[in-house]
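Start at 1 and go down the list; that is how both ligands and their atoms are numbered.
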Amino acid sequence: MTPLARLLAARIAAQGPMTLSDYMAECLLNPQHGYYATRDPFGAAGDFTTAPEISQMFGELLGLCLAQTWLDQGRPPRIALAELGPGRGTLMADMLRAMRAVPGLSEAAEVHLVEASPALRARQRQTLGDRPVTWHDSIASLPGLPLYLVANEFFDALPIRQFVRRGPGWSERQIGLRGGALAPGLAPALPLAMLAHRLADTGDGDVVELCPALPAIAGTIAARIALHGGAALVIDYGGWRSLGDTFQALKDHCPADPFAAPGEADLTAHVDFEAIARAFRAGGGAATAMTPQGTFLRRLGIEARAARLGQGRTGAALETHLAAHRRLTDPAEMGELFKVIACHPAGCAPPPGLDPA
Ligand code: SAH
């Protein structure tokens, strides 16, 4: 048993089963034993790789997308350039480098990072060098400025609850104990008002996931963009409207049992883009159509950028570059599984690469 498993087993023995969202929150962010709280999980030596770690092209194109949005919105003289869950800081560093090509933007941008993990804050400080940065525990403390925000693989790390349809009711997945070890189980079925809208499109045995923190986070971002201007780009894996069990653990780049070693594997779930679009609108912003990552990056010009970066390379370096381009855009790799959605002020054009809904 991991130290966190012992701690959670004692808590369940005393207080009864815990929801999947409480379990996920402890596994990822427990201050002593949480997965993100204690390590840098990225790259070949870690458990998984993300788009900005695959190629600099990802951050450059996102940076230019937000830069064009800034120009389209009349170049506000002071803005918050913000990121949720910045990992190693690579995406922000690549965005900032690309943005230097746009006169006035670097000077206008204050960098704000929302990061829960002290270990990763230290890594971000290293990556961003001398650039002044303000860290935040949550989006609540972001300044009242036009907000240009990115969140890549942030929402998939937010804890989810799972419900299994039973006739007119829903049975919540919980974590209990079997023979002293952590084991998933199901609570008795109950009718649930928050899932009333899913009775029409689900049947007995279907699993629906809810992310309790998502509406407030996406809604607050939208409210700030509606009030001050800006745009938010959300990139993640998932689809439109949650259906099915997508809770998964990754360890050493391989799928693992999410209950076997709490705190030592990355836990994620697919992101429900319909829930994000709803929250953007509820917060007073406009939501774009959900667009596959490959389509989005091609519209922003990844082919031209890839050709340019390929020019100076030969042999293994060229192979790595070509493979990275494929990995980001190919439908068989990240191109279709990953989606993009943006929030922008109603009445303004959507950021480049994305269609209005
Ligand atoms: N965006 C990065 C990293 C994605 S991993 C990339 O693309 O490489 C998820 C990131 O979100 C990590 O930095 C993790 O520490 C952070 N994180 C997870 N849950 C969080 C929360 N509730 N609040 C703030 N940051 C969180």
Side-chain angles (χ1 to χ4, degrees), residues 21-31 33-63 66 81-96 111-128 133-142 149-160 211-218 220-221 232-238 248-251 253 263 265-271 293 296-297 324 327-328 334 337-340:
S21 58
D22 287 344
Y23 175 75
M24 206 172 156
E26 288 292 333
C27 289
L28 293 179
L29 293 174
N30 178 286
H33 309 293
Y35 180 74
Y36 284 118
T38 55
R39 73 194 76 206
D40 171 357
F42 305 98
D47 291 311
F48 60 94
T49 311
T50 57
E53 302 299 331
I54 292 170
S55 167
Q56 68 188 76
M57 296 187 289
F58 185 78
E60 291 170 348
L61 292 169
L62 262 54
L66 288 184
L81 178 62
E83 183 172 358
L84 308 184
R88 285 178 163 176
T90 309
L91 172 54
M92 182 54 78
D94 291 340
M95 291 206 307
L96 286 167
V111 177
H112 293 271
L113 304 179
V114 178
E115 174 57 68
S117 157
L120 289 173
R121 283 187 183 196
R123 191 68 167 80
Q124 291 152 19
R125 172 75 283 162
Q126 259 178 13
T127 306
L128 293 170
V133 171
T134 309
W135 277 273
H136 301 263
D137 293 328
S138 82
I139 54 168
S141 53
L142 290 176
L149 178 143
V150 290
N152 183 59
E153 292 209 45
F154 170 77
F155 282 93
D156 67 47
L158 294 181
I160 54 147
C211 177
L214 182 151
I217 296 177
T220 304
I221 291 169
L233 293 173
V234 172
I235 308 100
D236 226 307
Y237 55 126
Q248 62 174 37
L250 266 190
K251 199 165 161 37
H253 294 267
D266 184 39
L267 300 181
T268 63
H270 283 201
V271 173
Q293 173 173 300
F296 176 65
L297 293 176
R327 195 150 169 213
L328 291 179
M334 297 173 80
L337 174 62
F338 281 73
K339 314 288 198 304
V340 187

query: Parallel, tilted or perpendicular: which describes the rings of Y36 and F48, with under 30° parallel and over 60° perpendicular?
result: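 Geometry flag for F48 against Y36: perpendicular rings.
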task: Report the relative orientation of the aromatic rings in H136 and H112; use parallel for angles under 30°, tilted for 30 to 60°, perpendicular for over 60°.
output: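 Correct class here is tilted.
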Are the side chain of [X] and the backbone of [Y] linked by a donor-acceptor contact shorter than 3.5 Å?
X	Y	value
Q124	G87	yes
R88	F42	yes
R125	R121	no
D47	D266	no
Q293	L337	no

State the atoms of ligand 1, each with its element, that fall below the 4.0 Å cut-off from a heavy-atom position in [X].
X	result
F154	11 (O), 20 (C), 21 (C), 23 (N), 24 (C), 25 (N), 26 (C)
S117	15 (O)
E153	4 (C), 5 (S), 9 (C)
G87	2 (C), 3 (C), 13 (O)
P52	6 (C), 7 (O), 8 (O)
E83	1 (N)
L29	19 (N), 20 (C), 21 (C), 22 (N)
T50	6 (C), 7 (O), 8 (O)

task: Tell me which protein heavy atom sits closest to atom 13 (O) of ligand 1, plus the residue, atom name and distance to 0.1 Å.
output: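 Result: E115 OE1, 2.6 Å.
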message: Considering non-hydrogen atoms of the protein only, which is the closest contact for atom 24 (C) of ligand 1, and what is the distance?
response: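 Checking every protein heavy atom, the shortest distance to atom 24 (C) of ligand 1 gives A116 N, 3.3 Å.
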- prompt: Of the choices G89, G85, A157, which has the non-hydrogen atom that lies closest to atom 10 (C) of ligand 1?
  reply: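 Ranked by closest heavy atom to atom 10 (C) of ligand 1, first place is G85.
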- prompt: Which option out of L91, N152, L120, I139 puts a heavy atom nearest to atom 7 (O) of ligand 1?
  reply: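 The option holding the nearest heavy atom is N152.
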task: Kindly compute the distance separating CZ (R123) from CD (E115), expressed to the nearest 0.5 Å.
output: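 R123 CZ to E115 CD: 12.5 Å, rounded to 0.5 Å.
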